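The model shown is predicted, which means the values in this text are computed figures rather than measured ones. Proteins get letters first, then strands, A, B, ... in listed order; numbering begins at 1 in each.
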Number of protein chains: 2
Amino acid sequence: MPTRRARPPSRKTPTQSRAKATVDAILRATAHILKSEGFAACSTNAVARKAGVSISSLYQYFSSKEALVAALAEQHAENGQALLLEMVGLAALEGPTSLEAQVRRYIEAMVRLHAGDAELHRVLMQQVPSIPEAVAAVNRVSNRSGDAVRAWLESRRDELRPLDPAVATYVLVTSVEAVTHLQLMERPKQLDFDTLVEELTWLVLGYLGVARRPAARRRRPPATSGFARH
Amino acid sequence: MPTRRARPPSRKTPTQSRAKATVDAILRATAHILKSEGFAACSTNAVARKAGVSISSLYQYFSSKEALVAALAEQHAENGQALLLEMVGLAALEGPTSLEAQVRRYIEAMVRLHAGDAELHRVLMQQVPSIPEAVAAVNRVSNRSGDAVRAWLESRRDELRPLDPAVATYVLVTSVEAVTHLQLMERPKQLDFDTLVEELTWLVLGYLGVARRPAARRRRPPATSGFARH
DNA sequence: TCAGAATGTGAGCTATCACTCGTTTTGGCT
DNA sequence: AGCCAAAACGAGTGATAGCTCACATTCTGA
C-alpha cells in the first residue's frame, strides 16, 4: 500500500440525488467485496469497478481507503443499533416481565441482529482494528449497547447474585457476542437458532445466579460415545 | 500484493544447524514485526531485514508469505497446546477434586496461557482468517482442546444439568476464550486477573447448572440471590 | 583436498496499490 | 436556450509488494 500521506478527513457531501446514488453504490460495493473477497482484495479500484463508477468519483466522496471502510463500519453499526433498539426497546416498555423472558428476548434480538449481515460484521470486526477511524465508529455504538445492559443489570440487581455491573456487562456482552459469531461463522449443525438462544439464555441466567429448573426439554441424547477418561 | 500465482506448498527443510538458526530467526522476526507493527507492515522484505537474512533465504524455507505466517501460527498453537496440557493435564490426574476447583484450575490455565504471548495471539487471530493454511493449523489444535473439554463434560455428566456435550463445549470454549481475549486486548481496569478467573468460573458453573453459594465477597451476604422465579 | 550439496545473497522484475490531474458530462436554474 | 457548478471520468504517477534469478559462500564427507 503505497503513497501513505496525510489526507483531509472528509470530502464533498453529495447534494444531488445522482451523487447520493453514487455514494450508495460505492458503499454497497465495498460491503460486497469485503464479504465475498475479504479485506485484502478490497482495493479502491476494485470497489469503484464493482460500483460502476470511476475511481475518481470514489475519491470525490471518500478521502481515503480508511475513510471509506470507516464510513461503512459506521453505517453498519448505526443500522445494527437501530434494529436492536427497535426489537428490544419497545418490548421492554410493555410492562414488567420475568427476568428470564427479558433475557431471552434480548438474546433473540442479538442473534437475529447478527444473522442480518453476519459476514460483513465478521469482516469488519476482524479487519477494522487496523483502521482507527472505524474502531471509533463501532466502539461508539457498542458502548451505548453496553450501557443499556449495565443499566438493566442495576435495575434488576435485587434478583441477581451480588455482582459488579461493569464487570458483569463485560462478561455477558462479550460471551454472548462471541458464541453468536461462532454460530454464524461455522454454523455447526448442532447449533440451530433455537438451541443457540436457549443455551445463551442458560449462560446468562446461570452467570447472573438466577436459579432455573432444568427446563422441560429432556436433553441427554443417547449417551454419546466417550465416557472413557484416563 | 502482486504476483499471486500457485506456489509449491513447502520448501526445503533445514538440515544443518546454520539453516535451523536462519529459520528460527525468520520466525522470530515475523512474530516481532507482527506484534509491533501489525500484519500490514509485515512484508517479507521487512521480515528478512529484521531477521538479518536475505529475502531469498526466506523464500528458500517458506514458499510464500502465507506459508510463513501459517508456520508461525502453527508453532504458536503447538506451544500453547503443550503449555495448557502441562498446566492442566497432570493436575487432573492427582485425584478426584471438586467440580468447582477443576473448573477454576482450567480457567486459570487458559488465562495464564493467553497472557503468555497475548499480542501475537491477538494479531494471529485477527489476521489469520485470511490465510487458510494458518486457520487449519490453529483449528487442529483448538479442536483437540475442545475434545478434552467435551470428554470432561461427559465424565462429570451426573453432576451437571442435562445438556448436549457437543453444544456445551462450543458455548463454553467460545465464551471463555472471548472474555479472556477481551481482557488481554483492552485491559479494562475492573478486570484484573483474579476477578477474571472468578467471573469466568461463575460463568461456566452457572451455565452447567451447578449450584453455588454467593461466595465470600460481601454485598448482600445471605440474601440468597435469585429464588425469584415468576 | 576438493567436489558437490546446502546455504546465503541482493539487484531487479512485474503486478498492483492508493491516489491525482485535466477534462468532459450532466442537470437544475434563469 | 444556455450558463455553470456539481458530478463523473479514466489514463497516469510514484511507491511498494511478493517473489525470482544468477551467482557467492560455507559445510560435509570421502
Pair A:E108 + A:R105: basic N to acidic O under 4.0 Å: no
Test: A:E133 and A:K65 ion pair at under 4.0 Å: no
Can you measure [X] atom [atom1] to [N] atom [atom2] for me and round it to whole angstrom units?
{"X": "A:K20", "N": "D:dA6", "atom1": "NZ", "atom2": "C1'", "answer": "12 Å"}
{"X": "A:Y61", "N": "D:dA8", "atom1": "OH", "atom2": "P", "answer": "4 Å"}
{"X": "A:L58", "N": "D:dA8", "atom1": "CG", "atom2": "C1'", "answer": "12 Å"}
{"X": "B:D24", "N": "C:dT7", "atom1": "CG", "atom2": "C1'", "answer": "16 Å"}
{"X": "B:F62", "N": "D:dG18", "atom1": "CZ", "atom2": "C1'", "answer": "16 Å"}
{"X": "A:L68", "N": "C:dC17", "atom1": "CG", "atom2": "P", "answer": "14 Å"}
{"X": "A:Q60", "N": "C:dG22", "atom1": "CD", "atom2": "P", "answer": "15 Å"}

Of A:L113, A:V111, A:V197, the residue whose pairing with A:T180 passes side chain to side chain contact (heavy atoms under 4.5 Å, CB included): A:V111
Contacts of type side chain to side chain donor-acceptor pair (under 3.5 Å), residue B:S145, not counting sequence neighbours: B:Q81
Cation-pi, A:Y170 ring and B:K189 (6.0 angstrom, 45 degrees): no
Strand-adjacent residues in residues 47-55 of chain B, judged by heavy atoms under 4.0 Å from DNA chain C: B:V53, B:S54
Any donor-acceptor N/O pair under 3.5 Å between C:dA18 base and A:N45 side chain: yes
Backbone N/O of A:V53 and side chain of A:S57: donor-acceptor pair under 3.5 Å: no
Side chain of A:Y59 - closest among D:dC19, C:dG8, C:dC19: C:dC19
D:dA17 phosphate, OP1 or OP2, under 4.0 Å from B:T44 side-chain N/O: no
Side-chain H-bond candidate by donor/acceptor type, A:E199 with B:Y207, under 3.5 Å: yes
Nearest-nucleotide 5' precedence on DNA chain D, B:K65 against B:R18: B:K65
Touch class at under 4.0 angstrom, heavy-atom based, for A:S43 against every strand present: sugar-phosphate
